[in-house]
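First the structure, in the form of structure tokens, and then the observations on it.
The structure presented is a predicted model; accordingly, all values stated were derived computationally and were not measured. Both counts, for ligands and for their atoms, begin at 1 and track the order of listing.
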Amino acid sequence: MSVTIAPEATTPPSATPGGPASTTRSAAAARERTADLEQLIVQNPGAYRVLTGDRPTGALHLGHLLGTVANRVRLQNLGVEMFLIVADYQVITDRDDAGDLPATVREVLLDYLAAGIDPECTTIFTHSAVPALNQLLLPFLSLVTVAELERNPTVKAESEAAAERGGRGTSGLLFTYPVHQAADILFCHGNLVPVGEDQLPHLEATRTVARRFNQRYSAAQPYFPEPDALIAQSPTILGSDGGKMSKSRGNALELRATEDETVAFFRRAKTDADRAITYEPERRPEIANLLQIGAYFTGTSPQALADEVGSAGAGRLKTLVTEAVTEGLRPLRARRRELAATGSRHLAEVLARGNAHANAIADRTLDDVRDLMGMRY
Ligand code: TRP
């Protein structure tokens, strides 16, 4: 199966072929496809365009780095073209107060650049600066039903989480956000989206939108690709309380944290009552988490690290992991401080360039879409 896109062309790139068999995908199928894709990417990185991103709710943390950011840097360095969306409109899907967005966006940018995202090859842009992307939401919304949105597991989960946090009802923007994400991905003909397995329903929504658009308006030659999920191999990183690391839980180790804060974070980290260290992710999630973090930064496997620590126990493990993280993040933190010290001009320029590039592409896509829909007057 060949996936080709012509990023700069105004003529529709050939969309992902697939037919009915590829339209609904189980997690197992997506995992299998991911293994194939990993090989195809190495052979021909130029055939792929990745769209991914984050909602700017705070500085990035260790969970972001190990979960997504390191993988993005890897793909970028393999030569895959990447669009990185700072999804500012998504911040207000489930809260009234977006906080100090300029400050937050700046922190996220600093984290991206310090982690190795290179704005010379990766386009970093914000939702709100690309009107044509957002306008794609209108035709796309016509392609899905309310019932489908109601069934979307991520919309359900996000609505429940929002209700727990503030008792706020599901906003229209939250309700439609799988379709907004379809616009995020399809405006630039993204054909590869790195996701966690729990995000697969989202991508399925994007594939559905692309397929229906093609069927309705561009049957002779599919205009939008049906993007593939690239399932992250990385484990979910836990915070100091044993729950999934997240800004909103207050259990995160931010990348920008000081060495003292790093030491304190791991001192607080939960362990369990067993003396000997073993790698048993199901039975001993907190220990497994420390092993995974330590292994990542020392370039070994969690199992090997567990064998190394063995009967020396959790205290020894924490010391090792703290040292590994402190050492491992030192260059990133140094780059981050340097970038922060150069002032905001550089960051503003990076974003302005990214936004201009994203706008040029979004304008072309919206133009094509108007043509295909017979809205040329
Ligand atoms: N929802 C993602 C997050 O919360 C950010 C995002 C917005 C995104 N649009 C996207 C991710 C499109 C992948 C594809 O972090």
Checking a contact table here: which protein heavy atom is nearest [atom], and how many Å away?
atom                    : result
atom 8 (C) of ligand 1  : Q181 OE1, 3.4 Å
atom 11 (C) of ligand 1 : G53 N, 3.8 Å
atom 9 (N) of ligand 1  : D184 OD2, 2.7 Å
atom 14 (C) of ligand 1 : L51 CD1, 3.6 Å

Against heavy atoms of A87, which atoms of ligand 1 measure under 4.0 Å?
7 (C)
Short list, please: which atoms of ligand 1 are under 4.0 Å from a heavy atom of R55?
3 (C), 4 (O), 15 (O)
Determine whether the side chains of H127 and N134 contain a donor N or O and an acceptor N or O closer than 3.5 Å.
no
Return yes if a side-chain donor-acceptor contact under 3.5 Å exists between T262 and R333, otherwise no.
yes
So do the side chains of Y112 and D54 get within less than 4.5 Å of each other, counting heavy atoms only?
yes
Indicate yes or no: does an N/O atom of Q90 lie under 3.5 Å from an N/O atom of ligand 1?
yes
Excluding sequence neighbours, so at least two apart, what forms side-chain hydrogen bond (donor to acceptor under 3.5 Å, both in side chains) with E259?
R330
Calculate, to the nearest 0.5 Å, the distance between atoms CD1 and NE2 belonging to I237 and H64 respectively.
12.0 Å
Criterion side chain to side chain donor-acceptor pair (under 3.5 Å) on R211 and N214, from CA distance to verdict
CA-CA 5 Å; R211 192 167 56 249; N214 293 339; over 6 Å; no
